[in-house]
Amino acid sequence: MTANPIHPGEDNVRMLHPFADAWTADRLLDTEFPEPAWAIPGIVPEGLSVLAGAPKVGKSWLALCWALSVAAGGLALGSLQCDAGPVLYLALEDNPRRIQRRIRTVLDGAPAPSGLHLATDCAALGAGGSDDIAGWLDYFTGARMVVIDVFAKVRGQVAGSNAYADDYCATGLAKTIADRYQVAVVLVHHVRKMGSEDFLEELSGTNGIAGAADTVHVLGRERYDADGTLATTGRDVEETKRALHQDPRTHAWSLLDGPALDHTVHDTSATILRYVRGHQGASPREIADATGLAIDLTRKTCARMEKRDHLIRVGDGRYAAPPEPETGDLP
């Protein structure tokens, strides 16, 4: 009698067939897996991360700060302790003189970590670049992070006829490296000129980039402002938006306390927001009387804040503050 290949008998459970090594649900649930390793606790896990932002917003400074912190085993973003390990930083839009100046600026007199390795040239990932990165990781077996700044320099033309396939395939090569060596690989990338309500849709290129990545960060900042936000989502991270500050002298980024919105609105808006948080359903007149702001200015600012989703109209010309986002507990 021939065994049923779909429902094999007890004597045939180990028979060879496609997906013979697949998990059964009970065995999967009984298995203990190690927690994800973090290059930067709570923010950059092992795997492939994309760090995107508009030109000149400070994403390369942020990536460099991350690399320096991990290589030295210091505090990332001013407060998150990192374990030390070798880091490869591919500064593909810089030259040695410029990257030297940037490192000196960020370090502000602190010693440079010997574990940070810098290169200003790399082949496209599909044309030998991924092999070169893998070779470095083979040599530095304790490496913790690889930063590619910027992704466009190593993307290349992979599939050749389909933009989504090209993006997914090129990003997939970077992910393969991250998974094989169990390190954090960070691709610095650009966002589109047109914004979007969903920050994932701001990534330049197709959805193939976000689809292949484990974690996506989008750095946002108004021109000339020192404060910005880091919107994050991913498979092993909490979806959140964090407030950041960039030191105007050292260009180093640090985490700010409290909701990101509190740090990214102007003074009048911030005054209104603080009051409404403690007095949900307040009217513009009540806000003006309590804060000393002019009533006309208060009405106009509340209307603008409603359009930007910084306030919620709750009826009869009254306003409430939006719920504060979940930030998650950093390990």
Side-chain angles (χ1 to χ4, degrees), residues 36-51 53 58-122 129-130 132-151 153-154 174 177-178 180-189 215 217 219 230 232 237 242 244-255 330-331:
W38 296 90
I40 299 175
I43 295 183
V44 183
E46 171 188 303
L48 179 65
S49 294
V50 173
L51 171 60
K59 58 186 180 294
S60 290
W61 287 102
L62 179 57
L64 180 60
C65 288
W66 286 355
L68 286 165
S69 297
V70 174
L75 292 177
L77 298 173
S79 57
L80 304 175
Q81 181 63 49
C82 302
D83 292 334
V87 175
L88 176 62
Y89 191 102
L90 302 178
L92 305 179
E93 290 189 320
D94 287 317
N95 54 47
R97 177 184 56 79
R98 187 180 301 120
I99 194 67
Q100 178 195 65
R101 185 176 69 244
R102 288 193 167 206
I103 291 174
R104 282 177 172 167
T105 300
V106 171
L107 291 176
D108 193 28
S114 60
L116 179 56
H117 300 247
L118 302 121
T120 57
D121 186 59
C122 181
S130 60
D132 291 342
I133 295 170
W136 184 87
L137 289 166
D138 283 332
Y139 189 84
F140 293 97
T141 54
R144 299 187 57 79
M145 177 183 278
V146 175
V147 177
I148 302 175
D149 185 5
V150 292
F151 174 54
K153 289 284 188 178
V154 297
I177 294 172
R180 175 183 172 188
Y181 291 94
Q182 297 182 306
V183 298
V185 175
V186 178
L187 301 181
V188 180
H189 190 47
T215 307
H217 304 281
L219 179 64
L230 186 69
T232 301
V237 298
R242 295 180 174 89
L244 302 181
H245 174 75
Q246 187 178 34
D247 188 298
R249 184 175 61 85
T250 66
H251 295 278
W253 286 96
S254 58
L255 281 172
L330 295 178

Report, one line per pair, each donor and acceptor closer than 3.5 Å where one atom sits in a side chain of residues 42-51; sequence neighbours left out.
none

Less than 4.5 Å apart, side chain to side chain, heavy atoms only: is that true for [X] and [Y]?
X: V147; Y: L90; value: no
X: V185; Y: V146; value: yes
X: W66; Y: V87; value: no
X: P86; Y: W136; value: yes
X: L92; Y: C122; value: yes

Drop me the distance from [X]'s [atom1] to [Y]'s [atom2], to the nearest 0.5 angstrom.
X: W38; Y: L80; atom1: CH2; atom2: CG; result: 10.5 Å
X: L255; Y: L230; atom1: CG; atom2: CG; result: 8.5 Å
X: C82; Y: M145; atom1: SG; atom2: CE; result: 7.5 Å
X: H245; Y: L77; atom1: NE2; atom2: CG; result: 12.5 Å
X: R102; Y: H251; atom1: CZ; atom2: NE2; result: 8.0 Å
X: Y181; Y: L137; atom1: OH; atom2: CG; result: 6.0 Å

Practice item. Give every residue pair that meets the side-chain hydrogen bond (donor to acceptor under 3.5 Å, both in side chains) criterion with at least one member in residues 75-84, sequence neighbours excluded. Key: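 Residue pairs passing side-chain hydrogen bond (donor to acceptor under 3.5 Å, both in side chains), neighbours aside: none found.
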
**Study point:** Derivation of the side chain to side chain contact (heavy atoms under 4.5 Å, CB included) call for H217 and V186
**Key:** CA-CA 10 Å; H217 304 281; V186 178; over 6 Å; no

Using every non-hydrogen atom in the two residues, find where [X] and [Y] come nearest and quote the distance to one decimal.
X: V188; Y: A63; result: CG2-CB, 3.8 Å
X: A174; Y: L187; result: CB-CD2, 4.1 Å
X: A252; Y: C65; result: CA-SG, 3.7 Å

Review point. Can any side-chain N or O of R98 pair as donor or acceptor with the backbone N or O of E93 at less than 3.5 Å?
Key: yes

Review point. Short question: side chain of S69, backbone of G74 - any donor-acceptor pair under 3.5 Å?
Key: no

Check your understanding: For W253, which of L244, D247, V106 qualifies under side chain to side chain contact (heavy atoms under 4.5 Å, CB included)?
Key -> L244

Review point. Out of V154, I148, V183, which one pairs with I133 under the side chain to side chain contact (heavy atoms under 4.5 Å, CB included) rule?
Key: I148

**Study point:** Full working for side chain to side chain contact (heavy atoms under 4.5 Å, CB included) between W61 and T105
**Key:** CA-CA 10 Å; W61 287 102; T105 300; 4.2 Å; yes

Point to revise | K59/D149 under salt bridge (Lys or Arg N to Asp or Glu O under 4.0 Å): CA gap, chis, key distance, verdict | key: CA-CA 9 Å; K59 58 186 180 294; D149 185 5; over 6 Å; no

Review point. Does the side chain to side chain contact (heavy atoms under 4.5 Å, CB included) test come out yes or no for L118 and D94, once each step is laid out?
Key: CA-CA 11 Å; L118 302 121; D94 287 317; over 6 Å; no

